[in-house]
Amino acid sequence: MGVGEWLAATGAVLLAVLLGGLLFALVSLVATVRQLRATVERLQDETLEITRAMQDALVDAEHEVDRVDALLSAAEGVGGRIDGASRLVTRTVTNPVVKVLAIGTGTKQAVRRIRTGERTRKSG
C-alpha cells in the first residue's frame, strides 16, 4: 500500500468520523429544537391562561371600584342631608328653646318675688 492509498484511506476514515459527528450534532439539535418548541407551546398556553385570569380580575376590580364609588357618592349625599337637617334643627329648635328658657327664668324670678314680697328696685 502506497502513501497515496494510505492518505486516501485515512482521509476517508476522518471524513466518515467527521460526518458521523455532524450527524450526531444535527440529531441532537433537532431534539433540542423539538423540546424548545414544546416548551414554548406550554409557555404560550400558560401565558394565555394567566392573561385571561388577569382580564377577569381587572373586570372584577372595575366593578368593585364602581360599587365603592357609588357607596361614597351615597355617603356624601347622606352627609349633606344630615348637615342640612342639623342646620334646620338648630334654626328651628335653638331659638324657641332659648326663648322658653328665658321666659321660664323670668317667670321663676317673678314667682319668687311675689312669694317673698320683694319689689324691684328702681334706680333713679
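Throughout, residue positions are numbered sequentially from 1 according to the sequence presented.
- Looking at residues two or more places apart in sequence or on another chain, you find no side-chain hydrogen bond (donor to acceptor under 3.5 Å, both in side chains) involving Glu49.
- For Val111, the side chain to side chain contact (heavy atoms under 4.5 Å, CB included) test picks out Thr107, Arg115, with sequence neighbours left out.
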Would you tabulate the side-chain donor-acceptor contacts of residues 26-42 under 3.5 Å, counting partners in other chains and residues two or more places apart, or write 'none'?
unit_1 : atom_1 : unit_2 : atom_2 : d
Thr32  : OG1    : Ser28  : O      : 2.9
Thr39  : OG1    : Gln35  : O      : 2.9
Thr39  : OG1    : Arg42  : NH2    : 3.3

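- Separation of atoms CG (Leu101) and NZ (Lys108) is listed at 11.0 Å; rounding is to 0.5 Å.
- A distance of 11.0 Å separates CG of Asp45 from CD1 of Ile50, quoted to the nearest 0.5 Å.
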Please determine whether side-chain contact (heavy atoms from CB on, under 4.5 Å) holds for the pair Met54 and Leu58, giving the CA-CA distance in whole Å, both sets of side-chain angles, and the decisive distance to 0.1 Å.
CA-CA 6 Å; Met54 287 174 49; Leu58 180 62; over 6 Å; no
Identify all side-chain donor-acceptor contacts of residues 5-17 below 3.5 Å with residues at least two apart in sequence or on another chain.
unit_1 : atom_1 : unit_2 : atom_2 : d
Thr10  : OG1    : Trp6   : O      : 2.8

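- For Arg67, the side-chain hydrogen bond (donor to acceptor under 3.5 Å, both in side chains) partners at least two apart in sequence or on another chain are Glu64.
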Which donor-acceptor pairs under 3.5 Å do the side chains of residues 68-82 make with protein atoms, sequence neighbours left out?
unit_1 : atom_1 : unit_2 : atom_2 : d
Ser73  : OG     : Asp69  : O      : 3.0

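- Separating the CG atom in Asp56 from the OG1 atom in Thr51 is a distance of 11.0 Å, to the nearest 0.5 Å.
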